[in-house]
Number of protein chains: 2
Amino acid sequence: MAPITNARVYFNEIPTGLPEPGKTVIYDESQTIDLENVPLHGGFLMKTLVVSIDPYLRGKMRDTSIRTYSKPYHVGETLYNFGVGVVLRSEHPDVKPGEHYSGYVYFQQYEIHKDLKNPILRKIDNEFNLPWSTYVGTLGMPGKTAYFGWNEFSHPEKGDTVFVSGGAGPVGSLVIQLAKAQGLKVIASAGSEEKVAFIKKVGADVAFNYKTTDTNEVLKKEGPVNIYWDNVGGPTLEAALENSAVESRFIECGMISGYNDEGYPIRNLNLVFQNSIIMSGFIVFRPKLVNKYEEIFYKVLPEKVAKGEIKLNEDLTEGLKNVGQAILDVQLGRNTGKKVIVVASE
Amino acid sequence: MAPITNARVYFNEIPTGLPEPGKTVIYDESQTIDLENVPLHGGFLMKTLVVSIDPYLRGKMRDTSIRTYSKPYHVGETLYNFGVGVVLRSEHPDVKPGEHYSGYVYFQQYEIHKDLKNPILRKIDNEFNLPWSTYVGTLGMPGKTAYFGWNEFSHPEKGDTVFVSGGAGPVGSLVIQLAKAQGLKVIASAGSEEKVAFIKKVGADVAFNYKTTDTNEVLKKEGPVNIYWDNVGGPTLEAALENSAVESRFIECGMISGYNDEGYPIRNLNLVFQNSIIMSGFIVFRPKLVNKYEEIFYKVLPEKVAKGEIKLNEDLTEGLKNVGQAILDVQLGRNTGKKVIVVASE
């Protein structure tokens, strides 16, 4: 068979503010691949089915000299993030054609992997026949973030009131459902009426659009807050601090409000000691969290999703050519659910 | 015996910035008391020996409508704080003349207490014959703050580097000694050469004057910081965040840098999630801390102080008339050790 196009998206330029489609990342069709004859050198050839667009990707688009929890993209490098692929050919003894794997994949139609270790790829049995996109959302990194973080840091007590910002996203919406499953009162915010409707659907007792309703007023009326799950930082974090209960738990999962500028300074952090708050920041990849929760996560969650006990909301876009726009949309909160690029069907 | 003066210090005016001696609080000699004949109504008469001047008192000098962990002083009310008194007369079955009690006392020479419960007064046996001032410093609220907070929140691991701001105070200096006793590397800061000398004396590996040496530079060289004990907040907290190790523990004990203005906004709180930091704020009076640590504290610490195994540094001033100035000095960090007003000898 003749070589065919192996389209990809690469990192082109460090953005100063918001990432710009067609400038920050570039869609490139210049590469080709001969699927039948490309040498595998003992590895395997995978066709990319879905790739995830997450808020944290903005952090990878930085000067490479800055060290944080996540490696930077290098200019010219093909983007990578969580995805799912199907094996087309294999010389690897543990990998067979037709098998599906999730883990870090390149934003590229076809890719040769040397092994299952670097990066780690996890075989998906998909016994409930869920869409592959689920495995980069509620059953992927965002779902694990919610599940690991909630179980490790929330210390829920009967009668607690929980506040979740970014409540319509794949992390926030799962947190809401985990909190409701424990009988707690849940307040949640998001940035559009459509998102607020989804938050209500997943069971939040109080849902509001922070762009049209004052967070502080809501929390004053419905709080105080015993557990705050923070996806956004900024003024919302200040409002949560302002309305925090004594001995409340703040779970710092992300602060998207500050990803595209210098960040919003927090003025009332004194409440951390005044109200004896435990503020736990975390990244889902910390080995002690993974070792403690990953197996139970994969044992419990897929069935709940299949049965509809856990609800999810996805915003799918077809084609790698739309990656640049999707990255921007997620930074602006324009996505209507977990943003996933469907690269190909099987 | 004729009535004698019963001098006191009362709260006169809510300060807008720093408290002003003679304006914020007033020394008043207009009251008298007949020590032999004043009715006790089943209570007991105590002569005040020492009262403590602590940074947190500034927080009590606020609009009474603002609720925080500590009750506000009311205008006209006699000041109160931790102190030690000796019983002169008693009608209370559990209290005998000559006994010493520590707890909340008024800034007043003589005071009648109804019972030992409201406020809680704790009998001091003082088996090692320590100065009474010790019982409002290293063996009082500041010492408990250091001991409870360190034991509950530091989770020290071999090889950890600890940073303590406000290292020369009664809290910070005990934290340094607790950390050194566990074999950790300790960096500590204070605001004068005299304080830095004391920090070195109690065992810190690295001691510096933050007014003349850049905190960020020191931490960059000597860090990263696994445990940060924060007494000051502000730019020092930002520097600690900037130089925090992954999975570090931040213990938020106080933020004196922001007590006399609107507070310094923290710009890099994103490092809390990026570096998976657990930030624990606390107030020493939280019942679960008291129940867990108070008895062991009184069992262990007095002997260590008596033997010189725990070093302390006190800055004693005689006379209630000097309270206003002492309060200001503590807010400005002009005190050279734990500030205590010696009201009377026995």
Side-chain angles (χ1 to χ4, degrees), chain A residues 55-56 58-59 66-70 145 148-149 152-153 224 229-235 237-238 241-242 244 246-259 261-289, chain B residues 55-56 58-59 66-70 145 148-149 152-153 224 229-235 237-238 241-242 244 246-259 261-289:
Chain A
Y56 91 99
R58 178 62 183 84
I66 303 168
R67 289 181 55 202
T68 80
Y69 66 97
S70 173
T145 299
F148 297 5
E152 183 73 6
F153 301 116
W229 185 286
D230 191 8
N231 286 314
V232 305
L237 172 55
E238 285 189 335
L241 283 164
E242 190 66 35
S244 58
V246 167
E247 296 184 345
S248 48
R249 284 77 68 200
F250 276 50
I251 304 170
E252 295 302 324
C253 174
M255 297 190 179
I256 193 172
S257 72
Y259 291 177
D261 53 30
E262 287 174 7
Y264 177 96
I266 301 298
R267 290 171 175 77
N268 57 353
L269 205 61
N270 55 319
L271 288 160
V272 167
F273 74 88
Q274 291 191 357
N275 282 352
S276 296
I277 296 171
I278 307 292
M279 185 179 270
S280 304
F282 79 106
I283 296 296
V284 66
F285 315 113
R286 298 303 315 151
K288 67 181 175 194
L289 291 175
Chain B
Y56 91 100
R58 178 63 182 84
I66 303 168
R67 290 179 56 203
T68 80
Y69 66 98
S70 173
T145 299
F148 297 4
E152 183 73 6
F153 301 117
W229 184 286
D230 190 9
N231 286 314
V232 305
L237 172 54
E238 285 188 335
L241 283 164
E242 190 66 36
S244 57
V246 167
E247 296 184 345
S248 49
R249 284 78 67 201
F250 275 49
I251 304 170
E252 294 303 323
C253 174
M255 296 189 181
I256 194 171
S257 72
Y259 291 177
D261 54 29
E262 288 174 6
Y264 178 95
I266 301 298
R267 290 171 175 78
N268 56 354
L269 204 60
N270 56 318
L271 287 160
V272 168
F273 73 87
Q274 291 190 0
N275 281 353
S276 297
I277 296 171
I278 307 292
M279 184 179 270
S280 303
F282 79 106
I283 296 296
V284 66
F285 314 113
R286 298 304 314 150
K288 66 181 176 195
L289 291 176

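Just the heavy atoms: all of them, side chains too, but no hydrogens, waters or symmetry mates, feed the values below. Quick note on labels: first sequence line is chain A, next is B, and so on, each numbered from 1.
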Report the C-alpha distance between Met255(A) and Leu269(B) in whole Å, list the side-chain angles of each, state the deciding distance to 0.1 Å, and finish with yes or no for side-chain contact (heavy atoms from CB on, under 4.5 Å).
CA-CA 9 Å; Met255(A) 297 190 179; Leu269(B) 204 60; 4.2 Å; yes
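Heavy atoms of Leu289(B) lying under 4.5 Å from chain A are absent altogether. Neither the backbone nor the side chain of Phe250(B) comes within less than 4.5 Å of any heavy atom of chain A. Contacts between Leu271(A) and chain B at a heavy-atom distance below 4.5 Å are absent for every atom of the residue. For Phe153(A), the part lying under 4.5 angstrom from a heavy atom of chain B is the side chain only. Contact of Ile277(B) with chain A is made through the backbone alone, with heavy-atom distances under 4.5 Å. Asn275(A) does not touch chain B: none of its heavy atoms, backbone or side chain, sits under 4.5 Å away. When heavy atoms are compared at a cutoff of 4.5 Å, Glu238(B) does not approach chain A at all.
Distance check: Lys288(A) NZ to Glu247(B) CD gives 4.0 Å after rounding to the nearest 0.5 Å. With values rounded to the nearest 0.5 angstrom, Asn231(B) atom CG is found 10.0 Å from Phe273(A) atom CZ. Distance CD1/Ile278(B) to OG/Ser280(A): 3.5 Å, rounded to 0.5 Å.
Contact count versus chain A (heavy atoms, under 4.5 Å) is highest, among Cys253(B), Gly59(B), Gly233(B), Ser70(B), for Cys253(B).
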